Undergrad: 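Handing you this structure, nothing more for now.
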Amino acid sequence: MNRRYRMATLLIAIFTTLTFSGLSQTGAPPLDDDFGPVDMVSPLIGTQSSFELSNGNTYPVIARPWGMNSWTPQTGKMGDGWQYTYNAHKIRGFKQTHQPSPWINDYGQFSLMPIISNEPVFDEDKRASWFSHKAETVTPYYYSVYLADYNIKAELTPTERAAVFRFLYPRPGVDNGFPTPWLIIDGFDGGSDIQAAEGSNIISGYTTKNSGGVPENFRCHFIIKLDRPILEVKKWVKEDTEKGTHTQLAVRFDVRKNPYVIAKVASSFISQEQAQLNLQEIGNRDFETVKRAGRKVWNDLLGRIIVEDGTTDQMRTFYSALYRSLLFPRRFFEINGKQEIVHYSPYNGKIEQGYMYTDTGFWDTFRSLFPLLNLLYPEENKKIQEGLINTYKESGFFPEWASPGHRDCMVGNNSASVLADAFIKGIRVADKKMLAKGVVHGANNVHPTVKSTGRLGYKYYNKLGYVPYNAGINESVARTLEYSYNDWCIYRLLRSMRRPEKEWETYASRALNYRTLFDPTSNLMRGRLKNGRWMEPFEPLKWGDAFTEGNAWHYVWSVFHDVQGLIDLMGGDGAFTDMLDHVFKLPPIFDESYYGFVIHEIREMQITNMGNYAHGNQPIQHMIYLYNYAGEPWKAQARVREVMNKLYTPNPDGYCGDEDNGQTSAWYVFSAMGFYPVCPGTDQYVLGSPLFPRITLFPGGDRYKPTVIEAKGNNDTTPYIESLTINGIPSGRCYLTHKELTEGGKLVFTMSSQPNKERGTLTTDRPYSFSTDPSK
């Protein structure tokens with residue numbers, strides 16, 4: 001059904017007449033209390049997933065944007081990375097979670113579960129209750145569900161470090177025959193303890209259950225404050241020398257006069273005292289007040305992009321993707337009694353001053369998630385960048401995959417991209433010397449225990465120009481290509497910082513190392529031995545091995561910074577676009593022998609009927625936009641629109657692979673706006689095909705500098721750009737600049753059902769490439 005997002009026209013019409021006092025705290029325009037962007041969000045998108053097939057591998061994150069703590073209904077067993085799946089029938093509890101993905105799993109976790117029973121039920125299978133999505137309400141700021149086996153309605157609404165629960169119990173002897181209401185608190189195995197006293201209304205405890213990346217003294221302390229005294233306490237403890245102590249506590253209370261039980265919950269990674277301070281985020285506010293505040297925060301931040309005239313499904317998909325883009329990395333800092341910003345360091349186990357963020361993998365998120373933060377939420381990314389400096393100070397390395405500390409996962413040194421892109425787009429950290437020192441250190445060292453942090457194989461790479469296939473280092477081609485791009489990022493960063501030429505010239509030279517692995521006989525990237533010979537045999541469709549979760553057809557495009565250089569290697573524009581075309585023309589055939597089974601990423605490519613294009617995984621997500629570099633931008637326009645319409649939906653199976661900490665969502669947000677940051681570290685966004693007839697951006701929340709993107713004649717049959725004007729001036733360029741998007745103005749696309757093969761074909765229309773950079 002087509003309908004207008006009814007808030008949009010009102011906002012656009014009145015933004016110029018609003019007084020300064022009318023601004024929200026985030027600087028975005030104030031939104032309607034009755035309807036706003038958050039009402040288009042479905043946190044259930046992507047939850048219909050499994051180990052074998054990811055349709056997102058998400059869970060409903062009930063949280064504040066970038067909140068330190070998140071909450072989710074728990075359908076999976078304790079420790080199961082698939083902690084909520086759409087096809088499940090029973091809920092085991094309501095879980096505090098910090099999980100960025102099922103593959104990384106969780107930490108800082110415990111759960112609450114209200115039940116009605118003569119005696120407490122400590123077996124998670126036996127106490128689980130049937131539920132239905134028909135009796136479930138899921139928003140980013142509020143969750144409710146009917147627990148059918150107990151006739152209990154459970155509700156929760158979070159703050160950044162706390163949450164309020166409201167449980168509607170049946171009254172004994174009135175609503176049913178069960179005499180006893182209980183609340184079960186499960187500290188999980190892996191080390192936990194919980195305490196409470198009869199006559200009190202306070203429950204306190206800690207949990208140490210984690211999946212790695214923590215110091216030995218790691219603890220998540222929590223406190224629960226009930227609105228009534230506890231009448232009875234029963235404790236269950238299981239000692240396990242391998243898994244650690246598992247503690248559960250059951251508390252009973254009186255619900256005869258008031259069946260609504262309020263539980264205010266907070267936690268801290270610092271101490272029990274800090275958990276009590278964090279509980280002040282709720283203070284004396286009631287459930288509805290906290291709920292309204294959460295709704296406002298989400299509307300303010302989602303409202304930095306206002307879309308108009310799309311279908312309901314398109315707007316639901318768009319705002320749900322934007323919601324997913326505002327969850328990670330999460331704030332890992334707290335505010336002490338002196339109002340100081342402090343954090344427990346997941347790197348050295350100490351309490352440190354300043355910001356800290358975690359739960360993100362830069363291999364995924366450098367591509368579009370962090371560029372989205374730079375464009376629309378720079379004030380948050382400023383704090384994130386300061387947190388990265390603190391990570392370097394506390395561990396000796398910038399993170400590559402953090403959850404909550406360094407994790408041995410994925411390849412590349414893409415912290416260089418995240419840091420460089422932010423700096424070049426005007427986000428400056430206080431300690432610039434530490435920034436420069438840290439990126440250089442990470443490029444020439446590897447973490448002593450976490451081999452994915454820093455650069456594994458850096459000695460080979462620095463000497464030979466590549467990581468050899470036979471050096472005992474897996475995924476050597478993927479590492480080489482990403483190191484080459486990362487070197488370009490370091491070059492750009494150091495030069496932008498006006499460091500001496502002797503500091504950056506080496507990285508400018510290494511930025512061309514991608515050439516060492518280009519095989520002209522196949523026009524693909526190929527593993528090379530220490531002696532310089534090519535690896536044999538070479539199977540371009542083999543996943544893994546020399547590549548990371550992809551094959552040679554996917555990774556050859558990972559020359560983000562020098563697409564023109566890659567075009568030249570392939571023999572020119574025609575050969576290059578033929579190779580791009582061939583990705584889609586190939587049948588979805590594959591060689592999974594490296595893994596020994598068909599990994600889910602392969603299966604997701606196979607079933608989408610787009611040839612060997614594997615949008616469900618990150619390495620190829622920018623590939624479509626590369627047509628702009630070779631004189632055929634209309635092919636990018638058609639393909640981008642096809643991917644948006646085909647591979648993203650507002651349903652529980654709405655993604656085509658792992659959502660991955662906001663990266664796959666941010667791809668959609670950018671693409672729907674009509675452009676994409678192919679090469680973070682430049683100030684350019686490469687054109688695709690805008691999805692909506694009209695979008696208004698408020699970069700940084702500045703309502704005085706809105707950027708209006710109008711797409712005249714836009715509909716499902718008009719994916720092609722006939723013309724573009726920027727503030728009334730015609731433009732044939734295939735890219736936009738950061739300045740054009742952040743200083744306010746109007747972009748007007750005229751869309752067509754037929755490609756304009758004259759527009760964007762000049763070499764001067766092409767986006768940045770290092771080979772043609774006149775300043776290098």
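The shown structure was predicted, so the numbers you read here are calculated from the model rather than taken from an experiment.
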Undergrad: May I ask you to decide if the ring planes of W66 and Y377 are parallel, tilted or perpendicular, using 30° and 60° as cut-offs?
TA: perpendicular
Undergrad: Answer with yes or no whether the side chains of S771 and D562 bring together a donor and an acceptor at under 3.5 Å.
TA: yes
Undergrad: Answer with yes or no after comparing the ring centroid distance for Y595 and H600 against a 6.0 Å cut-off, counting only values under it.
TA: no
Undergrad: Taking 4.0 angstrom as the limit, do E642 and R639 come out as a salt bridge?
TA: yes
Undergrad: If you look at every heavy atom in A511 and Y514, which pair is closest and at what distance?
TA: O-CD2, 3.5 Å
Undergrad: For the backbone of K502 and the side chain of T506, can you confirm whether one donor and one acceptor N or O come within less than 3.5 Å of each other?
TA: no
Undergrad: Are F770 and W488 close enough that some pair of their side-chain heavy atoms sits under 4.5 Å apart?
TA: yes
Undergrad: M570 and N523: side-chain contact (heavy atoms from CB on, under 4.5 Å), yes or no, with the steps?
TA: CA-CA 6 Å; M570 288 186 176; N523 267 359; 3.8 Å; yes
Undergrad: Whether E505 and R510 form a salt bridge (side-chain N of Lys/Arg under 4.0 Å from carboxylate O of Asp/Glu) is what I want to check.
TA: no
Undergrad: Assess, by modelled atom type and distance only, whether the side chains of Q684 and T682 contain a donor and an acceptor separated by less than 3.5 Å.
TA: no
Undergrad: Tell me whether the count of non-hydrogen atoms from other residues, nucleotides or ligands lying under 6.0 Å of NZ in K646 goes above 12.
TA: yes
Undergrad: Hey, mind stepping through E604 and C656 against side-chain contact (heavy atoms from CB on, under 4.5 Å) and telling me if it holds?
TA: CA-CA 6 Å; E604 288 141 21; C656 57; 5.8 Å; no
Undergrad: Scan side-chain atoms only and decide if E659 and N57 contain a donor-acceptor pair under the 3.5 Å cut-off.
TA: no
Undergrad: Kindly give the heavy-atom pair with the smallest separation between P329 and I384, and that separation in Å.
TA: CG-CD1, 3.8 Å
Undergrad: Does a side chain donor of either S665 or Y655 reach within less than 3.5 Å of an acceptor in the other side chain?
TA: yes
Undergrad: What I want to find out is whether R526 reaches D519 closely enough, with some N-O distance under 4.0 Å, to be called a salt bridge.
TA: yes
Undergrad: Looking only at non-hydrogen atoms, find the nearest pair between M497 and A436 and report the distance.
TA: CE-CB, 4.0 Å
Undergrad: Taking W363 for the side chain and N414 for the main chain, is one N or O donor matched with an acceptor at less than 3.5 Å?
TA: no
Undergrad: Measure from NZ or CZ of R367 to the centre of the six-membered ring of Y625 and say whether it is under 6.0 Å with the direction within 45° of the ring axis.
TA: no
Undergrad: In this structure, is the centre-to-centre distance between the rings of F547 and W553 below 6.0 Å?
TA: no
Undergrad: For N390 and E386, which I'm curious about, is there any donor-acceptor pair between the side chains at under 3.5 Å?
TA: no
Undergrad: With side chains defined as the heavy atoms from C-beta onward, is the minimum distance between L464 and R528 less than 4.5 Å?
TA: no
Undergrad: For the aromatic rings, using the six-membered ring if either is Trp, is the centroid distance between Y613 and H615 under 6.0 Å?
TA: yes
Undergrad: Could you check, using the six-membered ring where one of them is a Trp, whether Y507 and Y491 have ring centers closer than 6.0 angstrom?
TA: no
Undergrad: Determine whether F518 and L524 satisfy the following criterion, side-chain contact (heavy atoms from CB on, under 4.5 Å), listing intermediate values before the conclusion.
TA: CA-CA 6 Å; F518 182 80; L524 297 170; over 6 Å; no
Undergrad: Checking W667 against V643 for the side-chain contact (heavy atoms from CB on, under 4.5 Å) test, could you report, in this order, the C-alpha distance in whole Å, the side-chain angles of both residues, the deciding distance, and whether it holds?
TA: CA-CA 11 Å; W667 184 95; V643 170; 3.5 Å; yes
Undergrad: Ring of Y735, cation from R733 - is the NZ or CZ under 6.0 Å from the centre and inside 45° of the axis?
TA: yes
Undergrad: Ignoring hydrogens and angles, tell me if any N or O in the side chain of S769 forms a donor-acceptor pair with the backbone of T772 under 3.5 Å.
TA: no
Undergrad: Within the 4.5 Å heavy-atom criterion, are D573 and Y629 side-chain neighbours or not?
TA: no
Undergrad: Below 4.5 Å, heavy atoms only, C-beta onward: do R603 and I599 meet side chain to side chain?
TA: no
Undergrad: Check whether any side-chain heavy atom of W634 lies under 4.5 Å from a side-chain heavy atom of T761, and answer yes or no.
TA: yes
Undergrad: Determine yes or no for a side-chain-to-main-chain donor-acceptor pair under 3.5 angstrom, with T548 supplying the side chain and A478 the backbone.
TA: no
Undergrad: Y483 ring centre to R479 NZ or CZ under 6.0 Å, with the angle to the axis within 45°?
TA: no
Undergrad: Side chains of D545 and Y469: do they bring a donor and an acceptor to under 3.5 Å?
TA: yes
Undergrad: Evaluate the ring planes of H554 and W543, with Trp represented by its six-membered ring, and classify them as parallel (under 30°), tilted (30 to 60°) or perpendicular (over 60°).
TA: perpendicular
Undergrad: Could you pull out the closest heavy-atom pair between A666 and S325, with the gap in Å?
TA: N-OG, 3.5 Å
Undergrad: Quick one: do the N617 and D658 side chains pair a donor with an acceptor below 3.5 Å?
TA: no
Undergrad: Any side-chain heavy-atom pair from R324 and T664 closer than 4.5 angstrom?
TA: no
Undergrad: Strictly by modelled atom types, are N513 and T516 linked by a side-chain donor-acceptor pair under 3.5 Å?
TA: no
Undergrad: Taking the side chain as C-beta and beyond, is there a heavy-atom pair between V556 and S558 under 4.5 Å?
TA: no
Undergrad: Is there a donor-acceptor pair closer than 3.5 Å between any side-chain N or O of N628 and the backbone N or O of R766?
TA: no
Undergrad: For the backbone of S49 and the side chain of N55, can you confirm whether one donor and one acceptor N or O come within less than 3.5 Å of each other?
TA: no
Undergrad: Under the ring pair (Phe, Tyr, Trp, His ring centres under 6.0 Å) test against H622, which residue among F560, Y485, Y627 passes?
TA: F560
Undergrad: One thing to verify: whether D581 and K635 come together as a salt bridge, which I'm taking to mean a side-chain N less than 4.0 angstrom from a carboxylate O.
TA: yes
Undergrad: Can you sort out the partners of F51 under ring-ring contact (aromatic ring centres under 6.0 Å, His included), two or more places apart, ordered by chain and number?
TA: W103
Undergrad: Looking at side-chain heavy atoms only, is the closest gap between K432 and F423 below 4.5 Å?
TA: yes
Undergrad: Can you confirm whether the side chains of E400 and S452 place a donor and an acceptor under 3.5 Å from each other?
TA: no
Undergrad: Whether the side chain of E740 engages the backbone of T737 through a donor-acceptor N/O pair (distance < 3.5 Å, no angle test) should be reported.
TA: yes
Undergrad: Under 3.5 Å, is there a donor-acceptor pair linking the side chains of D359 and N661?
TA: no
Undergrad: Using the ring of each side chain (for Trp, its six-membered ring), is Y676 parallel, tilted or perpendicular to F670, with breaks at 30° and 60°?
TA: perpendicular
Undergrad: We want to know whether E549 and Q618 form a side-chain donor-acceptor pair, criterion being a heavy-atom distance below 3.5 angstrom.
TA: no
Undergrad: Between the main-chain N or O of Y466 and the side-chain N or O of T480, is there a donor-acceptor pair closer than 3.5 Å?
TA: no
Undergrad: For N531, I'd like to know if atom CG has over 12 heavy atoms of other residues, nucleotides or ligands within 6.0 Å.
TA: yes
Undergrad: Would you say N413 and D487 are linked by a side-chain donor-acceptor pair, where the criterion is simply a distance under 3.5 Å?
TA: no
Undergrad: Assess the side chains of H406 and Y347: does a donor N or O sit below 3.5 Å from an acceptor N or O?
TA: no
